[in-house]
Amino acid sequence: MSTVSNSQSRAVSRSSVLLEFLGSMNLAITLLVTVAVASIIGTVLKQNEAYQNYIVKFGPFWFETFKSLGLFDVYSAGWFLVILTFLVISTSVCIYRNAPQMLRDMRSYRLNVQEQSLRAFHASHSWTLALPGAEIERHITAVMRSNGYRMRRKDHGDHQVIAAMNGTFNRLGYIFTHTAIVTICIGGLLDGNLPLKLKEMSGQIKIESRDLPASQVPRESWLSVQNPSFRGSVTVPEGSSANIVFLQLRDGYLVQPLPFTIELKDFRIEHYESGMPKSFESDLVIREPDQEPVTATIAVNHPLIYKGYAIYQSSFNDGGTHLNLSAWGLGRAKVEQEDFKSSVFEKLRVDTAQGPMTLELNDFRLFNINPADEGSGKRFRNFGPNFTFKLRNAAGEAREFENYMLPVEFDGRGYFLSGMRDSVAEPFFYLHIPADPKGSLSRFMRFNALLQDTDRVAQIAQETTRQTFAEAQLEKPELLKEVAATMQRLVTLFAHGGFDAVAEQVEKSVPEAKRREVLDAYIKVLRNILTALYFDVLTTEGVDVSAGVTEADSQFYDDSINALTVLTKYGSPFFLELKTFEHVQASGLQIARAPGKLVVYSGFALLIAGIFVMFYIQHRRLWFWVREGAAGTELLFAGTGNREQRDFRLEFDRLIRALDQQLRSG
Amino acid sequence: MSVTQQNILEQFDDRSLWQRLIWRDWLWALLVLSGSGYVYAHYVEFMDIYEIGILGGTTLGLISVGWAWRPAQALSLIVTLLSLGSIALYGDSLAAADSNFFLKYLISSQSAIMWMSALYVLATATYFLALFMRSEFTAKVASALTWSATTMGLVGLMVRWRESYLISPDVGHIPVSNLYEVFILFSIITALLYLFYEGRYRTRALGGFVLLVISAAVGFLLWYTFGREAQHIAPLVPALQSYWMKIHVPANFIGYGAFSVAAMVGFAYLFRHHQEQRPGGAVNSRLPELELLDDVMYKSIALGFAFFTLATILGALWAAEAWGGYWSWDPKETWALIVWLNYAAWLHMRLTKGWRGTPMAWWAVIGLFVTIFAFLGVNMFLSGLHSYGEL
Ligand code: HEM
């Protein structure tokens, strides 16, 4: 017998000790602080990046350590969830332990207070009055009413007690805030990816990290259509449709099928004058087997809610714009131009003089707004459409290019711009090809081709030499040949390395003393030949050069020379010209299903209500202890406020004054 | 300066709020109502249901603030008049800013904001001067300066709002959309909160301390203007084009402002506590007694916490609409949570453990640094979804 009860009481005390601990303020505060600190990690360390980036950043050792600690995805790491769970438990226990008391508090007026305990209060005051008790009570009631207190009275025979309270709701404040915390956490848990983690740990699903088309993603990386809560994204090109979304998880993704298909009818984007996107929206059609299709337009901040699935406009990019391109061969003796069709995101295999290469078309942009140059009156100017592509050689090294479709004007002259760079880190380095009077590339291309035309160059070289030495009767004709050959070599040098190459050559072959003079001579000769070649080009165009050339044409010549010099470093065996295009855009959609949302929102409501109540309603208790005696009626007045003692004392003093007035006036 | 004086004032005023209202208050309510009535009548076709709601809320808010704190009435009136004046001078061309004298030197948003900056810094110095000279008059001057600075700041924001629409209707937006604008908002709100307590507790001794924060903010503002050309009005990215911004951001800054006030009062607390260690320190200290400081500190942390909670929740609701989830653990969000948890812990210590005094004061001061990081550090050091104010 005794042992039983004994063990019972021990059991009881053990569990109550546990509750004591779980509900303890210390634990609560510790948890609050711990969550705060833990959250910091996830903000300092960029979350859910590709693992490769982390390895690069931290090296294999720390990468493994951090990975095992779940630092790359802190907020769904086991330990983090455990802390949160503790917070929830602790808060719940706290409510469980405090709420009943507080609710009782709200109702009980404590009418059985002892005189001495009242006297012991910080806030207490006493009168001895010549009035009868009943009279006094009347006054008290009046004052208390006008101050919004509720009252109860108890007759203790020899004395009466009136107890007054207001602001009892303050107590609810505590209950609301804390219930809110629990509610919000639970709701959040419902929407969080904890279920996924469990599935993953139990091996039911596997995160896919390869870049595959959905059709080839293995089954174990697919989630069920029923999956109640997820948040994924998908890119839909205009005119196509999607019935899946991808959930980004750590270093990979999962495929979430949808019970409906979303078709993107149209995507619209507006820009500010500065070219910054002003607004973008998508016209969607949602289709479900044997149901009326639903059409809707979504925009940023204006999602569509369809059967508990929220569909958001999150981003946009190119949807595989169709490009009609023309490749101008460079470094050939005759102008070669090959037209072909392709589209953004395509990869083409091309055989070039530099061996087989892959042409990767990466992006197309309809506008390219740049700051306008000074004095143009406008703030911005549009360079027009451009497209970017990579040219990858057999070794896998790629060079990136960015070509503009239309000639861009700089001080009155148009140029075809083509940027190039070896790595994304570098800025583009631009080639400016002057546009000919017809606004085309032809003249420059012809000029460039002619430069490679050894026969023609040789011919011109000889003519020039003959003219130079015409009057000087040379006895050695082979000298002529030699000079001509040198000239030809100069042209070849220029064609492959620009003027720099010529200079280098001189460096190597000519003694210090004579370099300057020789170089000048070379350049002079070279220019003569280039001019002659250029005249050829003009003549073939039907321009009459006998009376010299126009200002514009000579400008074109100078620009061409610059372009030719840059071209030697261009690093592509052809120049890609964009003839026409058919713009296809794609809309980035985010689709989420969050059943916990309502729970969380009701938690929010509770929290707001609770906090304001807690802070701005004070629970105040007042007691009047009345006893009629020979020396007159004794009135003892005391009270407490549950918070902000200072304010309470002000209120208490105010009430004393008010009562004084009443009692004297009466 | 003393509390008892305040008691006296309050003791005889044992009427309920309704009884306490005087004709002036009703006039005020009428003015505000007719003002927003006018706005409604003229602009309703440009407003969606939420913005109408916001207008209604603002109206009620203004009325009740004016009732609870009469000086707010005068302030709002003057700000309104100056702003309308400036808008009238602008007419429909921004160019007026360079030609018109008043705009150029006084009430174009840029000039107004420059005036605000200058006046706040001046006020800070004056408050401290008053403290050292123990001169009530100087202190009054400091208050006057603070009021004027706040007026200019508010005018600056109002006019900037209008200017954004003058640039182009599609650029127009409420000026709480980037770091530059919210720094102005921050200074104003902090100042208003301080001025409220100044009146409520009848002490000007804390002005210098609180305005230190504002001066710092002004310093940043000036660097941001002259160092970074940040004062230009920029159009909104799509994500920010939402009525949520109109409530989320101001709510947030009431929070930040209140926390700053609390921290600086906490600083004053530590200062006075340090004085009291010395014999006679308490007597000849120029600062209010510790109990009052402790009370102000609690009150403003409570206020801050309430509004910060509201702001964070509004943020979550907005995120649910703009980013597709009410919580994404985006750095800014997360830091809001951290700040919130920190002050929740603070409140618990005070309310349930009954902690008071120096540790709480220290904690409030440290809290400010956490807050500053959430408000500035995140934009500077961490990247995330929040699309405004990259530094
Ligand atoms: C996420 C966790 C929690 C949050 C955010 C939270 C929040 C709050 C807030 C805002 C207050 C109001 C302070 C005030 O009235 O000025 C409060 C008060 C209080 N909290 Fe918590 N709380 C949490 C957890 C807990 C836990 C676990 C306990 C259990 C020990 C607890 C016990 C209390 C108590 C006793 C009060 C004072 C109520 C009163 O005096 O009226 N809280 N809490």
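Chain letters run A, B, ... following the sequence lines, proteins first, then strands; residues in each count from 1.
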**Prompt:** Between R646(A) and E291(B), is there a donor-acceptor pair closer than 3.5 Å when you use the side chain of the first and the backbone of the second?
**Reply:** no
**Prompt:** Taking Y312(A) for the side chain and G325(B) for the main chain, is one N or O donor matched with an acceptor at less than 3.5 Å?
**Reply:** no
**Fill in**
One option among Y616(A), F280(A), Y601(A) has the most heavy-atom pairs under 4.5 Å with chain B, and it is Y601(A)
**Request:** Heavy-atom distances under 4.5 Å only: say whether L337(B) touches chain A with side chain, backbone, both or neither.
**Result:** side chain
**Request:** Rounded to the nearest 0.5 Å, what's the gap from CZ on F305(B) to CD1 on I611(A)? Could you check?
**Result:** 4.5 Å
**Complete:** Hits for side-chain hydrogen bond (donor to acceptor under 3.5 Å, both in side chains) against Y197(B), two or more places apart or cross-chain, chain-then-number order -> none
**Message:** Once rounded to the nearest 0.5 Å, what's the spacing between atom CD1 of I608(A) and atom CZ of F307(B)?
**Reply:** 9.5 Å
**Prompt:** Side chain, backbone, both or neither: which part of Y272(A) has a non-hydrogen atom closer than 4.5 Å to chain B?
**Reply:** side chain
**Item:** Check: Y75(A) ring centroid to W327(B) ring centroid under 6.0 Å
**Value:** no
**Complete:** Ranked by heavy-atom pairs below 4.5 Å to chain A, first place among S168(B), P235(B), A234(B), S242(B) goes to P235(B)
**Prompt:** Measuring from L303(B):CG to F615(A):CZ, what's the distance to the nearest 0.5 Å?
**Reply:** 9.0 Å
**Prompt:** Picking from L655(A), D647(A), V37(A), V33(A), which has the most non-hydrogen pairs under 4.5 angstrom with chain B?
**Reply:** D647(A)
**Complete:** Residue from L31(A), T30(A), V35(A), V600(A) scoring the most non-hydrogen pairs under 4.5 Å with chain B is V600(A)
**Request:** Could you tell me whether the side chain of D191(A) reaches within less than 4.5 Å of the side chain of Y326(B), counting heavy atoms only?
**Result:** yes
**Request:** Inspect the surroundings of CZ in F86(A) and state if more than 12 heavy atoms from other residues, nucleotides or ligands are less than 6.0 Å away.
**Result:** no
**Item:** Contact leader toward chain A among A306(B), A322(B), A316(B), A345(B), where contacts are heavy-atom pairs under 4.5 Å
**Value:** A306(B)
**Complete:** Greatest number of non-hydrogen atom pairs under 4.5 angstrom with chain A, of V370(B), N342(B), L317(B), falls to L317(B)
**Item:** Best-contacting candidate, S39(A), A592(A), S279(A), against chain B by heavy atom pairs under 4.5 angstrom
**Value:** S39(A)
**Asked** Of the non-hydrogen atoms in M25(A) and T352(B), which two are nearest, and what is the gap between them?
**Response** CG-OG1, 3.1 Å
**Item:** Residue Y50(B) excluded, over 12 heavy atoms near OH under 6.0 Å
**Value:** no
**Prompt:** Checking heavy atoms, do the side chain of S314(A), its backbone, both or neither come under 4.5 Å from chain B?
**Reply:** neither
**Message:** Heavy-atom cut-off 4.5 Å, strictly under: side chain, backbone, both or neither for D295(B) against chain A?
**Reply:** side chain
**Asked** If you round to the nearest 0.5 Å, how far is CH2 of W340(B) from CG of L607(A)?
**Response** 5.0 Å
**Prompt:** Does CZ in R268(A) sit with more than 12 non-hydrogen atoms of other residues, nucleotides or ligands closer than 6.0 Å?
**Reply:** yes
**Request:** Without swapping roles, check the side chain of N301(A) against the backbone of Q241(B) for a donor-acceptor pair under 3.5 Å.
**Result:** yes
**Item:** Leading residue by heavy atom contact count with chain B [cutoff under 4.5 Å; candidates I311(A), I591(A), V300(A)]
**Value:** V300(A)
**Pairwise side-chain contact, K278(A) with P238(B), heavy-atom cut-off 4.5 Å (strictly under)** = no
**Item:** From I167(B) atom CD1 to E273(A) atom CD, the distance as rounded to the nearest 0.5 Å
**Value:** 10.0 Å
**Asked** What distance separates I338(B) CD1 from I40(A) CD1, expressed to the nearest 0.5 Å?
**Response** 4.5 Å
